[in-house]
Colleague: 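The structure that follows is given in the form of structure tokens.
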Amino acid sequence: MKYLYKLLLLPLCLLVSCATQKNPSAVRVVEVPVRVEVPVEVQVEKPHSSLQRQSGMILISKREMRLTLLDSLQNPQLVMPIACGKNYGQKKEEGDMKTPEGDFTIREINDSSAWKHDFKDGLGMIEGAYGPYFIRLWTNPHTGIGIHGTHLPTSIGSRATEGCIRLANDDLRELVRYIYVGMPVRILAD
């Protein structure tokens with residue numbers, strides 16, 4: 001329960017003797033405001049769309065290049081642009097550069113800030129390739145698929161990954177605040 005203390009100013013009459021000793025029987029009345037705190041119950045209504053851990057799901061649209069965090073009532077709470085697999089369609093095998101489609105869950109949330117990766121683009125090993133976090137998805141039978149950050153923010157909004165979902169690092173940091181292991185993730189078909 002939240003309480004709001006209402007401040008009431010009550011006049012308090014004080015009897016104050018005259019400052020002079022010449023007329024001790026003279027009395028004057030002085031009103032002094034006094035602050036009294038009275039608890040008043042205030043109803044604080046939480047909107048049904050408030051973000052909460054242990055509820056909701058992540059919805060990913062490869063067609064719209066967008067990740068949406070939904071609350072437990074399926075109301076959108078966060079919407080973020082993404083990059084996804086270079087090739088269209090359902091992932092069939094490792095190396096096909098496609099993002100899998102279907103219903104999955106978050107398997108792990110890893111600190112990936114020190115991870116490196118070679119994208120086979122001639123630039124060699126890239127430090128910070130996955131940004132600050134790698135949200136590993138349970139995408140059986142495929143492994144190594146996740147939601148992660150990027151060393152290349154200009155790739156967001158394009159088909160640029162080997163199959164993972166890529167976010168801007170600041171968006172990823174925000175998302176990680178509200179997700180949990182076991183949270184459902186749905187990736188929609190192209």
Colleague: Kindly indicate, with the supporting measurements, whether the criterion side-chain contact (heavy atoms from CB on, under 4.5 Å) is fulfilled by I156 and I82.
Modeller: CA-CA 5 Å; I156 302 302; I82 65 164; 5.7 Å; no

Colleague: Tell me, please, which residues at least two apart from E64 pass side chain to side chain contact (heavy atoms under 4.5 Å, CB included).
Modeller: S61, R66

Colleague: Write out all pairs satisfying salt bridge (Lys or Arg N to Asp or Glu O under 4.0 Å) with one or both partners inside residues 137-152, taking only residues at least two apart or from two chains.
Modeller: none

Colleague: Hey, is CD on E94 packed in by over 12 heavy atoms from elsewhere, all under 6.0 Å?
Modeller: no

Colleague: Could you grab the distance from atom CG of L67 to atom CG of D171, nearest 0.5 Å is fine?
Modeller: 9.0 Å

Colleague: Among pairs that include at least one residue of residues 144-169, which meet ring pair (Phe, Tyr, Trp, His ring centres under 6.0 Å), considering only residues two or more places apart or in two chains?
Modeller: F119-H151, Y130-H148, F134-H148

Colleague: So L69 and M183, side-chain contact (heavy atoms from CB on, under 4.5 Å) or not? Walk me through it.
Modeller: CA-CA 11 Å; L69 177 67; M183 181 179 224; 3.7 Å; yes

Colleague: Are V176 and E174 close enough, and set up right, to give a side-chain contact (heavy atoms from CB on, under 4.5 Å), and what steps lead you there?
Modeller: CA-CA 6 Å; V176 165; E174 179 71 10; over 6 Å; no

Colleague: Mind checking what makes salt bridge (Lys or Arg N to Asp or Glu O under 4.0 Å) contact with D118, not counting sequence neighbours?
Modeller: none

Colleague: Quick check: are there more than 12 heavy atoms from other residues, nucleotides or ligands sitting under 6.0 Å from OH of Y133?
Modeller: no

Colleague: Enumerate the salt bridge (Lys or Arg N to Asp or Glu O under 4.0 Å) contacts for residues 77-93, please, sequence neighbours excluded, ordered by first and then second residue.
Modeller: K91-D96

Colleague: Could you give me the CA-CA distance, side-chain angles and deciding distance for T68 and I58, then say whether side-chain contact (heavy atoms from CB on, under 4.5 Å) is met?
Modeller: CA-CA 6 Å; T68 305; I58 293 173; over 6 Å; no

Colleague: What pairs meet the salt bridge (Lys or Arg N to Asp or Glu O under 4.0 Å) rule with one or both residues in residues 103-113, with sequence neighbours excluded?
Modeller: D103-R186, E108-R136

Colleague: Could you list the residues that satisfy side chain to side chain contact (heavy atoms under 4.5 Å, CB included) with T161, not counting sequence neighbours?
Modeller: A83, T99, R166

Colleague: Hydrophobic clusters join Ile, Leu, Val, Met, Phe, Trp and Tyr when side-chain heavy atoms are under 4.5 Å apart, directly or via other members; which others share one with L59?
Modeller: M57, L70, L188

Colleague: Test of understanding: with side chain to side chain donor-acceptor pair (under 3.5 Å), list the residues that count as partners of S158, not counting sequence neighbours.
Modeller: none

Colleague: Quick one: which residue pairs count as a salt bridge (Lys or Arg N to Asp or Glu O under 4.0 Å) with a foot in residues 150-165, not counting sequence neighbours?
Modeller: R159-D190

